[in-house]
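Note that ligands are numbered from 1 as they come in the structure, with each ligand's atoms numbered from 1 the same way.
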Amino acid sequence: MDLGLKGTVAIVTGGSQGIGKGIIKILLKEGVRVVDFDVKNPDYEIDYFKVDVSKKEEVIKGIEYVVSKYGRIDSIINNAGIESYGAVDETSEEDWDNIMNVNVKGAFLMAKYSIPYMKKQGKGVIINIASIQSMAVQKRVAAYATSKHALLGLTRSIAVDYAPQIRCVAICSGSIRTPLLEWAAEKEVGKEHIEDKIREWGEVYPMGRVGNSEDIGYLTAFLLSDLASFIDGTCIVIDGGLISLIPISSPAR
Ligand SMILES: NC(=O)c1ccc[n+]([C@@H]2O[C@H](COP(=O)([O-])OP(=O)(O)OC[C@H]3O[C@@H](n4cnc5c(N)ncnc54)[C@H](O)[C@@H]3O)[C@@H](O)[C@H]2O)c1
């Protein structure tokens with residue numbers, strides 16, 4: 001499908017694997033020129049610049065690289081994120097700070113240093129990869145869930161401060177099959193039962209499965225396009241129906 005994105009320039013953070021890699025795959029199909037900012041090398045062919053999104057100097061260097069090479073930045077997809085498990089009293093201050101620094105400050109820094117270029121161009125789109133944990137929470141993910149709630153505040157702030165030139169939209173995703181999800185499954189049940197655990201999580205979803213990274217890629221491509229030009233400051237839920245479900249059984253008729 002031609003969404004009119006051909007030749008535009010996008011930065012995807014955390015694009016070396018998982019959801020970011022899926023987003024890049026779909027954007028490349030649409031003819032977008034994409035740069036991956038990640039701390040880890042990608043295992044596929046893509047323009048890659050090593051950036052830790054929580055470090056201001058690295059973000060600035062990365063953005064300068066993109067502007068000097070491509071002359072513009074049409075969109076950024078703030079996807080880099082990390083997770084840890086624990087209720088508040090189980091969460092170390094270090095874990096809390098790491099999660100906030102990558103998941104929230106990282107998106108802030110990327111926006112802060114790209115927006116001036118988008119303003120000059122008169123147009124830009126920022127997508128924040130949030131989570132259904134921006135609206136409801138699992139047990140024992142206090143720091144992660146808080147960071148994903150915070151991303152909605154950042155999304156709304158950017159939207160109202162820079163409309164109509166710059167749009168900002170959050171994607172609130174349910175479980176997606178990625179190395180992060182596999183890590184979470186392994187943590188719970190051990191390496192040999194990862195598949196069973198992911199299938200079990202999938203069965204909770206009305207759609208009967210967890211998502212895949214291309215599901216997020218297609219939504220991202222649409223949101224970047226002018227077809228989505230009236231979508232701003234909100235979050236789009238993509239969760240196979242999960243948060244519509246109240247997990248309480250109904251009696252037979
Ligand atoms: N997988 C899911 O079920 C799910 C659900 C909802 C939201 N999300 C969100 O989607 C995003 C991607 O998740 P994923 O499952 O693909 O994770 P992942 O761990 O598989 O991939 C994340 C990528 O981000 C990179 N990264 C980590 N810290 C970074 C930093 N400081 N600077 C730059 N890059 C960094 C990693 O190297 C990795 O390549 C995250 O923000 C996550 O919170 C994931």
Side-chain angles (χ1 to χ4, degrees), residues 11-26 35-44 46 48-63 76-85 95 97-110 113 127-138 141 143-152 154-155 170-188 194 197-198 201-202 204-205 207 209-217 219-220 235-240 242-243:
I11 302 170
V12 177
T13 70
S16 294
Q17 67 179 35
I19 291 176
K21 184 174 173 180
I23 291 172
I24 290 176
K25 179 177 159 192
I26 304 303
V35 184
D36 168 29
F37 283 8
D38 202 305
V39 286
K40 183 177 151 181
N41 280 308
D43 58 7
Y44 64 107
I46 187 68
Y48 166 71
F49 200 87
K50 189 171 191 300
V51 174
D52 178 339
V53 293
S54 67
K55 304 215 165 92
K56 175 179 149 183
E57 294 71 24
E58 296 190 20
V59 167
I60 292 173
K61 258 199 207 157
I63 285 172
I76 57 172
I77 294 90
N78 286 315
N79 164 76
I82 52 173
E83 184 166 9
S84 78
Y85 286 94
D95 270 0
D97 287 345
N98 281 341
I99 288 196
M100 294 304 156
N101 283 340
V102 177
N103 296 8
V104 186
K105 187 177 165 194
F108 158 72
L109 290 173
M110 285 295 301
Y113 293 105
I127 304 289
N128 292 324
I129 303 298
S131 168
I132 46 169
Q133 303 223 41
S134 302
M135 0 182 84
V137 298
Q138 230 176 298
V141 282
Y144 179 79
T146 303
S147 76
K148 292 297 179 182
H149 277 62
L151 274 182
L152 297 190
L154 180 67
T155 301
I171 291 180
C172 290
S173 163
S175 300
I176 303 293
R177 174 93 199 221
T178 66
L180 178 66
L181 197 75
E182 287 163 11
W183 166 82
E186 184 178 342
K187 228 172 145 46
E188 204 174 319
I194 290 178
K197 189 72 212 171
I198 292 180
W201 281 331
V204 179
Y205 283 69
M207 291 302 289
R209 65 170 177 94
V210 302
N212 58 60
S213 56
E214 287 84 3
D215 292 327
I216 308 299
L219 176 59
T220 302
C235 74
I236 307 293
V237 174
I238 174 165
D239 73 341
L242 186 68
I243 61 168

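Annotation: atom 6 (C) of ligand 1 to nearest protein heavy atom, Ser173 O, 3.4 Å. The protein heavy-atom contact nearest to atom 11 (C) of ligand 1 is Asn79 O, 3.0 Å. Looking at atom 29 (C) of ligand 1, its nearest protein heavy atom turns out to be Val39 CG2, 3.9 Å. The nearest protein atom to atom 19 (O) of ligand 1, hydrogens excluded, is given as Gln17 NE2, 3.4 Å; this is a heavy-atom distance. The protein non-hydrogen atom at the shortest distance from atom 27 (C) of ligand 1 is Ile82 CG2, 3.9 Å. With respect to atom 24 (O) of ligand 1, the closest heavy atom belonging to the protein is Gly14 CA, 3.3 Å.
For Glu214, the side chain to side chain contact (heavy atoms under 4.5 Å, CB included) test picks out Lys25, Ile26, Asn212, Tyr218, with sequence neighbours left out. Applying the side chain to side chain contact (heavy atoms under 4.5 Å, CB included) rule to Asp239 yields the partners Ile132, Val237, Leu242, Ile243; only residues at least two apart in sequence or on another chain are considered.
When each of Ile216, Ile129, Ile24, Ile171 is tested with Ile77 by the rule side chain to side chain contact (heavy atoms under 4.5 Å, CB included), just one qualifies, namely Ile129.
Atoms of ligand 1 lying under 4.0 Å from at least one heavy atom of Leu181, given by number and element, are 3 (O). The ligand atoms of ligand 1 that sit less than 4.0 angstrom from a heavy atom of Pro179 are 20 (O). Listed by atom number, the atoms of ligand 1 under 4.0 Å from Asp52 heavy atoms are 30 (C), 31 (N), 32 (N). Heavy-atom contacts of Ala80 reach the following atoms of ligand 1: 24 (O), 33 (C), 34 (N), 35 (C), 41 (O) (cutoff under 4.0 Å). Listed by atom number, the atoms of ligand 1 under 4.0 Å from Tyr144 heavy atoms are 7 (C), 8 (N), 9 (C), 42 (C), 43 (O). When each atom of ligand 1 is checked for a heavy atom of Gly18 under 4.0 Å away, the hits are 16 (O).
Residue nearest to atom 17 (O) of ligand 1, selected from Asn212, Ile238, Leu180: Leu180 (by heavy-atom distance). Taking only non-hydrogen atoms, the option from Ser175, Ser54, Gly174 nearest to atom 5 (C) of ligand 1 is Gly174. The option from Ile176, Thr178, Ile198, Thr13 that lies nearest to atom 15 (O) of ligand 1, judged by heavy atoms, is Thr178. Closest heavy-atom approach to atom 7 (C) of ligand 1 within the set Ser134, Ala130, Gly81: this belongs to Ala130. Selection from Val51, Asp38, Val12, Leu151 by nearest heavy atom to atom 26 (N) of ligand 1 gives Asp38.
Between Ile19 and ligand 1, at least one N/O pair is under 3.5 Å apart. Taking any N or O of Val53, backbone or side chain, at least one lies under 3.5 Å from an N or O belonging to ligand 1. An N or O contact shorter than 3.5 Å is missing between Ser131 and ligand 1 by distance.
In this structure, CD on Glu58 lies 11.0 Å from CG on Leu109, to the nearest 0.5 angstrom. Note: Tyr44 OH to Asp36 CG = 5.0 Å, rounded to the nearest 0.5 Å. Separating the OG atom in Ser84 from the CD1 atom in Ile99 is a distance of 3.5 Å, to the nearest 0.5 Å. One distance of note links CD of Glu83 with NZ of Lys187; it measures 10.0 Å at 0.5 Å rounding.
Under 4.0 angstrom from ligand 1, there are no non-hydrogen atoms of Trp183. Here Arg177 has no heavy atoms under 4.0 Å from ligand 1, in either its backbone or its side chain. Only the side chain of Val102 comes within 4.0 Å of ligand 1, counting heavy atoms alone; its backbone N, CA, C and O stay farther away.
Closest approach of Ala107 and Leu154 over heavy atoms only: CB-CD2, 3.7 Å. Summarising the geometry of Ala184 relative to Trp201, their closest heavy-atom pair is C-CH2, 3.9 Å, with the distance given to 0.1 Å.
Residues Lys148 and Asn103 form a side-chain contact, since some pair of their non-hydrogen atoms from C-beta on lies under 4.5 Å apart.
No donor-acceptor pair under 3.5 Å is formed between the side chain of Tyr144 and the backbone N or O of Gln133. Judged by distance alone, with hydrogens and angles left aside, the side-chain atoms of Asn128 form no donor-acceptor pair with the main-chain N or O of Ala130 at under 3.5 Å. Judged purely by atom type and a 3.5 angstrom limit, Thr13 uses its side chain to pair as donor or acceptor with the backbone of Ala80.
At least one heavy atom of Lys148 sits less than 4.0 Å from an atom of ligand 1.
Taking a 6.0 Å sphere around NZ of Lys197, one finds it holds more than 12 heavy atoms contributed by other residues, nucleotides or ligands.
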